[in-house]
Each structure stands twice: as C-alpha cells, then as structure tokens.
Amino acid sequence: MEQHVLVVFPHPDDETFGCGGTIAQFAKSGVPVTYICATMGQMGRNMGKPFFATRESLPNVREAELAEACQAIGIQQVINLGLRDKTVEFEDPELLTDRIEQILREIRPSLVLTHYPGYAVHPDHNALGEVTIRAISRLSVQDRPVVYAHAFSHDSLDVLGPPDIVNDITALSDLKLAAIRAHKSQSQGILARIAKGQFAEQSFESSFSHLLESESFWTYNFS
Amino acid sequence: MNTINKSSVQSALDSFLNREVYLHLETTNGAYAVHTQQSNMSVGAYIRNGRISFGRGVITGDGPYRVGLKLELGWVYAEGLTDFEITPEGQLLLAGHDQEGRLAVALELSLSPFKL
Ligand SMILES: [Zn+2]
C-alpha cells in the first residue's frame with residue numbers, strides 16, 4: 001500500500017491522458033496524491049473545438065480545467081512550478097533538480113509517476129522526467145520512492161521491452177473520461193472526431209479505448 | 001476571437017504605429033506532428049515579448065490574411081491569419097486556426113509586456 005503518490009509532469013492534461021486511471025485508483029483507496037505541474041501549457045495548439053481560448057487566455061483556461069480534472073481523479077494538491085511551456089529543456093537543470101529534490105524531501109512520496117526520459121516524445125516531457133530522475137537519485141537508496149515511468153515514443157517497446165506495470169483501469173474509466181472532458185480545450189477536438197467516427201484508421205479509436213482500459217508503466221531502474 | 005474584420009484590424013495596427021510595442025509571434029505544426037505522422041518534421045518558432053517599433057503596418061489578402069510590419073531595420077511577417085480579438089487591455093491578438101480549431105500561427109501586439 002502506497003503512502004503518498006507524487007506525480008511530476010509538465011503540462012495540464014499529462015496527468016489525465018497518461019495516468020488518470022491509476023491516479024484515481026490510488027486516490028480512491030485513500031492515498032494522497034500531489035501533482036507537480038511544471039507549466040500551464042501556455043503554448044498548446046488546441047484551443048477547443050470550436051476554439052474558445054486564445055494564446056493569451058489559454059493558461060487561465062487550462063488552470064481551471066486542471067482543477068476540475070484533479071477533482072475528478074482525486075488529486076488533492078497541485079504545485080505549479082511556474083515554468084513556460086516548451087522551455088523546460090532550456091532551464092538550468094541543476095536548479096530544476098534542486099526544486100524537485102526539495103519537494104521530494106518535504107512530501108516523502110512512496111511512489112513517483114513521471115515521464116520516462118528519452119521516451120516521452122515532447123521535449124518538455126523528456127526534460128522534466130530527466131531532472132525528476134536526477135532529483136530522486138540524490139536520495140539515499142532507502143529513501144528513494146519507486147518510479148513508474150510513462151513512455152509512449154514509437155521505439156519504447158523495442159528499446160525498453162514490455163512495460164512491467166500494466167494497470168487495468170476499466171473500473172475507473174468513468175473518472176478518467178470525466179477528467180479528459182474537463183480538459184475541454186485539449187480534448188474537444190479528439191472527442192468530436194471519435195463521436196463522428198471520423199477515424200478511418202482504426203488504430204486511433206482503438207488506442208483511445210485502450211486509453212480507458214489500461215495504463216502501462218516501466219519501473220525505473222536506478223542502478 | 002472573431003473572424004478577421006480587415007478594417008478593424010487595420011485601425012488597430014495603426015494605433016500601434018511608431019510606438020514601443022511588445023510582440024508575440026509564433027508558428028507551429030505541433031510538437032506531436034512527427035509522432036502522429038501528420039508530418040515528417042515538427043516545426044515551430046516563437047518570440048515572446050520582442051520589443052519593436054514599426055512605421056508601417058498593413059493587413060492584406062482576402063482571408064486567410066497576411067500582416068507585414070515594417071521596422072526601421074527589418075520586417076515582421078505572418079500569413080495564414082484567420083481570427084482576431086482586441087482584449088480589454090488593448091492588446092491586438094491575431095491567429096490562424098486550422099479546420100480543427102488548432103492554432104497554427106499567431107501575431108500579437110501589446111503596449112505592455114505579455115504575461116510569462
Ligand atoms: Zn504533455
């Protein structure tokens with residue numbers, strides 16, 4: 001049984017699409033969940049469908065969406081690092097590592113969910129995953145939380161092998177879907193296309209239903 | 001935002017003439033363009049709070065529109081603009097959205113710095 005789960009991702013909605021069901025599972029069983037969200041996704045391209053956000057209103061819109069999504073899946077606390085979307089990899093990694101280390105020492109999580117550095121497609125994902133792993137590796141071995149690393153680059157299976165954690169979330173799919181819907185500006189386009197059956201390539205629809213059925217992670221190996 | 005009204009945008013551009021203004025300029029096809037196989041390159045660029053001054057600023061085209069701002073030593077240019085908004089703070093927001101409502105290009109002007 002986990003004592004405290006810490007989630008570390010750069011964009012509002014990463015927590016939902018990547019591991020909303022898993023988070024909901026922990027929260028439901030009474031485990032506190034804290035989310036370090038590094039940016040407000042200020043540079044997101046999706047503005048809703050039909051679009052309702054602007055480049056300037058987007059961060060406020062996404063902050064409110066995140067609050068609603070967190071309520072749906074049971075995240076109690078969000079720590080916003082105040083970074084800017086698309087710039088994480090250009091920040092001083094030492095300073096970022098220090099900030100995350102400080103939070104780790106305060107919260108003392110037993111489990112951390114973050115992106116698998118190098119296998120998470122978006123440069124912000126890879127950069128934040130990397131500093132998070134660095135911060136955790138500064139802790140003594142007995143203080144280190146377990147890390148569930150989320151990977152979804154096309155080469156992740158080939159290089160990392162099959163994920164060792166495959167979490168059935170079908171019982172929590174309603175909560176995850178509610179959180180996906182809460183991220184309106186980011187999900188309306190996708191949900192509209194699915195509703196219209198516009199995905200000729202079956203793969204997308206099935207990957208969406210997969211999204212509501214199971215979530216996979218690689219336990220990060222520190223040695 | 002509303003569909004661009006050329007004369008409203010032109011008068012907004014005129015109101016910034018020969019002043020110190022803050023510029024937000026960007027274009028992107030999305031960080032996931034390669035991953036989702038929509039393109040073989042993910043391409044994007046942005047400038048946030050570039051400080052410029054322009055003596056000539058014009059919107060042209062029949063939609064999508066183009067905007068060119070003539071600086072003392074150069075140019076600012078954007079094409080594919082479809083929508084505009086003038087915020088209560090007097091910022092001029094111009095953006096080009098694709099059929100999915102996704103932002104592909106933006107050009108914005110403000111007399112005070114844009115939020116970081
Ligand atoms: Zn993300």
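Labels below follow one simple rule: chain letters A, B, ... track the order of the sequence lines, proteins then strands, and each chain is numbered from 1.
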Test Leu103(B) against Phe51(A) for side chain to side chain contact (heavy atoms under 4.5 Å, CB included), laying out the working first.
CA-CA 9 Å; Leu103(B) 184 144; Phe51(A) 64 89; over 6 Å; no

Part of Leu93(B) lying under 4.5 Å from any heavy atom of chain A:
side chain

Is chain B contacted by the side chain of Asp85(A), its backbone, both, or neither, given a heavy-atom distance below 4.5 Å?
backbone

Quick one: what part of Glu89(B) sits under 4.5 Å from any heavy atom of chain A, side chain, backbone, both or neither?
neither

NZ of Lys115(B): more than 12 outside heavy atoms within 6.0 angstrom?
no

Sole residue of His154(A), His125(A), His122(A) in ring pair (Phe, Tyr, Trp, His ring centres under 6.0 Å) with His35(B):
His154(A)

Just how far is it from atom CD of Glu100(B) to atom CG of Asn46(A), taken to the nearest 0.5 Å?
9.0 Å

Is it the backbone or the side chain of Arg45(A) that comes under 4.5 Å from a heavy atom of chain B, or both, or neither?
both

d(Arg55(A) CZ, Tyr46(B) OH) to nearest 0.5 Å is 9.0 Å

Count the heavy atoms belonging to other residues, nucleotides or ligands that lie under 6.0 Å from CD of Gln76(A), then report whether that count exceeds 12.
yes

Distance from Arg48(B) atom CZ to Lys86(A) atom NZ, nearest 0.5 Å?
13.5 Å

Give the intermediate values and the outcome of side chain to side chain contact (heavy atoms under 4.5 Å, CB included) for residues Lys49(A) and Arg102(B).
CA-CA 8 Å; Lys49(A) 192 185 164 141; Arg102(B) 291 174 303 202; over 6 Å; no

What part of Ser153(A) is in contact with chain B, defined as an atom under 4.5 angstrom from a non-hydrogen atom: side chain, backbone, both or neither?
backbone

Side chain, backbone, both or neither: which part of Phe52(A) has an atom under 4.5 Å from a heavy atom of chain B?
neither

CG on Leu83(A) to CG on Leu116(B), rounded to 0.5 Å:
11.0 Å

